[in-house]
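Side-chain atoms are counted along with the backbone in the values below, which use heavy atoms only and exclude waters and symmetry mates. Quick caveat: nothing in here was measured; it's all calculated off a predicted structure.
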Amino acid sequence: MSKTPAPTPQLNRLRAAAALIPIIQSGLANAKLSHERAAQMTQFVEWTTNCTPEDATEQALVEEVAMGLHNLKSTLES
């Protein structure tokens, strides 16, 4: 049985950022989210990646968020 890592502020921020990415993408695709608001939300996502992962779970989340962030930035630039 695998253990769930103990929640830390950093891990919680990374989890929130990972969950926020599809919300931003959906909001932009459906035109329910303004470009400016999406850019602000993307700044939070980017901020979460400026951390030093403390374990493999955090490292995996940082990589997932970084990939999503790349897609968000390219969507916002177009």
Side-chain angles (χ1 to χ4, degrees):
M1 189 169 160
S2 66
K3 288 186 170 183
T4 303
T8 63
Q10 181 169 296
L11 182 58
N12 289 339
R13 283 189 294 268
L14 287 167
R15 287 176 176 161
L20 192 56
I21 291 169
I23 294 170
I24 298 169
Q25 290 171 332
S26 174
L28 288 170
N30 297 333
K32 292 184 178 183
L33 189 62
S34 72
H35 190 274
E36 293 78 22
R37 183 67 178 145
Q40 290 174 341
M41 294 166 79
T42 301
Q43 286 178 340
F44 168 77
V45 172
E46 184 172 20
W47 173 71
T48 64
T49 62
N50 295 327
C51 67
T52 303
E54 296 179 7
D55 58 24
T57 303
E58 287 184 6
Q59 180 62 41
L61 277 169
V62 167
E63 291 170 6
E64 178 184 337
V65 170
M67 287 176 42
L69 183 61
H70 176 73
N71 294 335
L72 277 177
K73 285 185 173 184
S74 63
T75 301
L76 288 171
E77 290 174 359
S78 60

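- The shortest side-chain heavy-atom distance between L14 and P53 does not fall under the 4.5 Å cut-off.
- Taking CD of Q25 as the reference point, atom CG of N30 lies at 11.5 Å (rounded to 0.5 Å).
- Between L33 and L28, the shortest heavy-atom distance links the atoms O-CD2, 3.9 Å.
- Applying the side-chain hydrogen bond (donor to acceptor under 3.5 Å, both in side chains) test to residues at least two apart or on different chains, the pairs with a partner in residues 63-76 are E46-K73, Q59-E63.
- Hydrophobic clustering of Ile, Leu, Val, Met, Phe, Trp and Tyr side chains at less than 4.5 Å, counting indirect connections, unites F44 with L69.
- Atom OG of S34 is separated from atom CD of Q40 by 7.5 Å, given to the nearest 0.5 angstrom.
- Closest of all the heavy-atom pairs between A39 and L76 is CA-CD1, 4.0 Å.
- Rounding to the nearest 0.5 Å places CG of L11 at 7.0 Å from CG of D55.
- Here OG1 of T48 is found 9.0 Å from CG of L20. Values are rounded to the nearest 0.5 Å.
- Judged as a side-chain hydrogen bond (donor to acceptor under 3.5 Å, both in side chains), the pairs with a partner in residues 9-18 (not counting sequence neighbours) are, in order, Q10-E58.
- Taking all atoms of both residues into account, the shortest heavy-atom contact from C51 to V62 is SG-CG2, 3.9 Å.
- How far CZ of R37 is from CD1 of I24: 9.0 Å, rounded to the nearest 0.5 Å.
- The shortest heavy-atom contact between G68 and I21 is CA-CD1, 3.8 Å.
- Cluster membership for W47 and M41, using ILVMFWY side-chain heavy atoms within less than 4.5 angstrom, is shared.
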